[in-house]
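Here the structure comes first, spelled out in structure tokens, and everything after it is commentary.
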Amino acid sequence: MCGIVGIVGDGIRAGRVLGECLRRLEYRGYDSVGVATISEGKIRVVKGAGKIDEVDARLCFSCLEGGVGIGHTRWATHGPPTDENAHPHVDCKGRIAVVHNGIIENYVELKSELERKGHVFRSQTDTEVVAHLIEENVSQGYEPFSAFKRSVSRLKGSYALAVLIQDTPDRIYFARKHSPLVIGIGDGRVFLASDIPAFLEYTRRVITLLDGELGYISRDTVYIERLNGEVVDPSSRVFTVDWTPESARREGYPHFMLKEIHEQPRVINDTVTGFGEDYEKGADLLHGSDTIFITAAGTSYHASLFFSLLTAKLAGRRVIPFISSEYESYAHIAGRGDVLLAVSQSGETIDTLMALRAFKARGCRVVSLTNVVGSVISRESDQAVYMKAGPEIGVAATKTFTTQLTALTWLASLVARRSGRLDEGDIRSIRERLRALPDLASEVIMKNEGWAKQMGRFMSVKSSAYYLSRGLGLPIALEGALKLKEVAYVHAEGYPAGESKHGPIALVEPGFPVIFVSIESYLEKKLLGNVEEMKARGAFTVGILPEGSELAERVEDRVIIPSRDELLLPVLSVIPLQLLAYYTAVERGADPDKPRNLAKTVTVE
């Protein structure tokens with residue numbers, strides 16, 4: 001959701017490099033783009049509504065001279081996606097340029113104050129107030145960094161900011177609150193970005209900025225301080241990511257989504273072999289709690305629902321799952337002694353972060369599961385646990401979901417061991433069974449890609465579909481429906497199969513697709529009844545079924561998962577549904593990597 005890049009360096013043409021970096025942030029979602037550089041003491045801005053390639057072809061980013069610059073992809077919040085509302089925004093004299101992610105909540109009051117002082121605004125955005133605030137402070141005699149800090153101290157809301165000030169042409173000023181911002185340290189150049197893949201081509205040495213930090217970068221300096229003036233030693237914060245530029249490229253696949261579906265065997269293996277002390281400590285906290293809450297958004301919420309069901313089954317523990325944006329309805333019932341498990345692939349999801357903070361304010365401990373070491377959610381947790389999915393560029397989560405399921409299966413098993421429901425032999429057995437997942441996932445992909453292409457053609461002309469299941473299969477059905485909606489724009493609903501007769505079945509007519517997911521054998525008799533209910537109304541039924549399922553002969557079409565292990569089936573069963581969503585999107589001519597209106601990392605509430 002919006003993307004920021006910045007670079008200061010010797011011997012580079014910043015406009016060209018910024019364009020490259022912005023293209024690597026396209027997955028975040030955007031509707032306009034812009035770049036500003038400083039050359040010969042002057043700021044020059046080019047920006048416009050549209051995709052990067054369109055705007056670049058029209059305005060030529062690489063024509064901008066100078067080695068210092070900032071760039072932005074905007075996902076509209078305040079004001080429509082127009083040339084005027086695209087970032088960067090400048091002050092009255094064009095001596096200050098600002099790019100911003102997040103929302104300035106008090107911008108109306110600040111804008112009125114500045115207009116009374118004679119400032120003239122050109123856009124409808126909340127961001128433009130920042131440029132004029134800095135201009136106002138500079139005009140009062142403050143040197144640029146002080147003017148920047150005084151301006152940031154007036155802002156309410158969320159922000160990641162990158163700012164050029166003409167009077168200090170070798171610096172980019174930055175600040176963050178609730179919106180992600182990282183620094184990349186290369187040879188003779190320093191980067192600023194919303195996400196690491198933006199500069200992965202140039203460096204893997206990273207500093208993750210924390211909320212309330214601001215400062216500036218120059219060719220040979222990273223200066224960070226907190227809002228209270230405390231200076232931060234940046235050298236203590238540098239870490240090296242093990243991602244490679246190749247891992248963020250398509251490598252011959254037509255889309256990142258398909259590449260990432262095919263990467264699942266490898267990253268599941270990385271996650272299983274990465275089970276370490278962080279999982280043990282996380283399980284200790286969860287086991288020692290009075291009540292376990294778990295929260296997440298979107299696909300990660302489906303993984304969280306799976307954890308709540310599995311932990312109840314394996315450990316006999318009650319786990320309360322809730323969607324992160326609803327945290328205010330749950331935080332007030334939590335207290336000291338409770339633990340919140342916060343799940344976020346990026347570790348930056350704003351709703352999940354706000355839930356985390358609300359629970360901490362109630363005295364709860366927090367365990368997090370994320371994919372990004374050093375992310376704000378992992379830093380603010382009492383215990384961070386990591387899956388190993390690597391960079392995920394496609395907006396629709398695929399490999400991060402299956403690695404979440406894998407990680408949460410292991411975490412639930414460890415809690416069950418501590419509760420006495422499982423013994424050491426059981427734990428060793430579960431770990432060995434999870435080690436089989438990568439090979440089985442490969443087999444599922446290999447055997448079902450053709451089915452998904454064929455079924456995608458059938459689904460591409462449908463206007464709606466149901467995904468039904470029971471027990472541990474319900475989160476998988478919910479995720480399958482979400483994937484179809486996200487990338488193929490076909491209306492789909494996931495439902496508990498038993499609930500379908502309480503309303504949804506009214507829409508079923510001849511040819512209506514209903515996909516059944518079966519995980520637990522003891523629920524198959526009941527699912528069989530639901531299949532017959534749908535067939536009686538003319539539905540076209542499809543089963544995602546384990547080996548030996550008695551439903552296989554009762555549905556019109558089927559995928560047989562090569563396992564009967566109920567701990568592994570959730571991970572394996574979602575893969576055909578991911579492929580089905582992908583090929584339906586392709587058949588309908590949609591771009592599955594950039595679903596309309598969606599962003600990869602949601603950083604506004």
Side-chain angles (χ1 to χ4, degrees), residues 443-485 487-564 569-570 572-588:
E443 186 176 343
V444 169
I445 294 169
M446 181 182 66
K447 289 185 174 178
N448 293 294
E449 199 146 13
W451 169 85
K453 289 179 184 176
Q454 183 179 5
M455 189 66 190
R457 286 193 286 275
F458 169 80
M459 198 68 86
S460 68
V461 296
K462 299 295 181 182
S463 59
S464 192
Y466 286 150
Y467 289 64
L468 304 182
S469 190
R470 290 172 179 263
L472 292 175
L474 177 59
I476 307 309
L478 296 174
E479 176 61 12
L482 178 63
K483 279 291 150 291
L484 192 70
K485 277 186 288 198
V487 301
Y489 314 141
V490 175
H491 171 251
E493 296 293 340
Y495 251 86
E499 182 69 6
S500 59
K501 68 176 74 65
H502 296 281
I505 201 169
L507 294 182
V508 175
E509 56 188 10
F512 188 102
V514 182
I515 297 174
F516 287 88
V517 179
S518 178
I519 302 295
E520 295 166 284
S521 59
Y522 83 101
L523 293 172
E524 282 217 327
K525 291 289 186 195
K526 291 186 176 181
L527 266 184
L528 185 58
N530 301 129
V531 169
E532 297 298 342
E533 289 166 359
M534 292 295 167
K535 290 177 66 174
R537 279 126 187 115
F540 182 84
T541 55
V542 180
I544 308 298
L545 309 171
E547 288 179 334
S549 170
E550 60 182 306
L551 272 67
E553 300 304 318
R554 302 304 305 163
V555 292
E556 275 83 9
D557 197 2
R558 65 203 61 73
V559 166
I560 302 300
I561 305 298
S563 175
R564 292 183 61 84
L569 284 170
L572 300 172
S573 297
V574 79
I575 294 173
L577 302 181
Q578 296 169 344
L579 287 166
L580 174 59
Y582 171 79
Y583 282 108
T584 304
V586 171
E587 189 69 25
R588 288 168 63 87

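Numbers here simply count residues along the sequence, with the first being 1.
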Quick one: does [X]'s side chain have a donor or acceptor within less than 3.5 Å of a partner on [Y]'s backbone?
X      : Y      : value
Lys485 : Ala492 : yes
Glu556 : Thr541 : yes
Arg470 : Ala497 : no
Glu524 : Ser518 : no
Tyr495 : Pro504 : no

Minimum heavy-atom separation for [X] and [Y], please, with both atom names.
X      : Y      : result
Ala465 : Leu484 : CB-CD2, 4.4 Å
Leu580 : Gly456 : CD1-N, 3.7 Å
Leu468 : Met534 : CD1-CE, 3.7 Å
Met459 : Pro513 : SD-CG, 3.8 Å
Val555 : Arg558 : O-NH2, 2.7 Å
Leu527 : Ser469 : CD2-CA, 4.1 Å

### Message
Can you confirm whether Lys526 is buried at NZ, in the sense that more than 12 heavy atoms of other residues, nucleotides or ligands lie under 6.0 Å from that atom?
### Response
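Not buried by this count: 12 neighbours or fewer within 6.0 Å.
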
#### Entry: Crowding at CD, Gln454 (>12 non-hydrogen neighbours, <6.0 Å)
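Incorrect, the count does not exceed 12.
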
So how far is it from [X] [atom1] to [Y] [atom2], rounded to the nearest 0.5 Å?
X      : Y      : atom1 : atom2 : result
Leu577 : Asn448 : CG    : CG    : 10.0 Å
Leu472 : Leu523 : CG    : CG    : 8.5 Å
Tyr489 : Ser460 : OH    : OG    : 14.5 Å
Glu443 : Ser563 : CD    : OG    : 9.5 Å
Leu507 : Arg537 : CG    : CZ    : 13.0 Å

Do the non-hydrogen side-chain atoms of [X] and [Y] ever get within less than 4.5 Å of each other?
X      : Y      : value
Ile519 : Pro546 : no
Leu579 : Trp451 : no
Ser463 : His491 : no

### Message
Among residues at least two apart in sequence or on other chains, which ones pass side-chain hydrogen bond (donor to acceptor under 3.5 Å, both in side chains) with Glu550?
### Response
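If we apply the side-chain hydrogen bond (donor to acceptor under 3.5 Å, both in side chains) test to Glu550, skipping adjacent residues, the hits are Lys525.
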
### Message
Just to verify, what does Arg588 make a side-chain hydrogen bond (donor to acceptor under 3.5 Å, both in side chains) with, not counting sequence neighbours?
### Response
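If we apply the side-chain hydrogen bond (donor to acceptor under 3.5 Å, both in side chains) test to Arg588, skipping adjacent residues, there are no hits.
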
### Message
Asp557 vs Phe458, test: side-chain contact (heavy atoms from CB on, under 4.5 Å). Steps then yes/no.
### Response
CA-CA 12 Å; Asp557 197 2; Phe458 169 80; over 6 Å; no

### Donor-acceptor side-chain pairing of Tyr583 and Glu449 below 3.5 angstrom
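Yes.
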
#### Entry: Any residue meeting salt bridge (Lys or Arg N to Asp or Glu O under 4.0 Å) with Glu532, in chain and number order, not counting sequence neighbours
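By the salt bridge (Lys or Arg N to Asp or Glu O under 4.0 Å) rule, Glu532 matches Arg554.
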
### Task
Would you mind telling me which of Ile544, Val531, Asn530 makes a side-chain contact (heavy atoms from CB on, under 4.5 Å) with Leu551?
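Of Ile544, Val531, Asn530, side-chain contact (heavy atoms from CB on, under 4.5 Å) with Leu551 is met by Val531 alone.
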
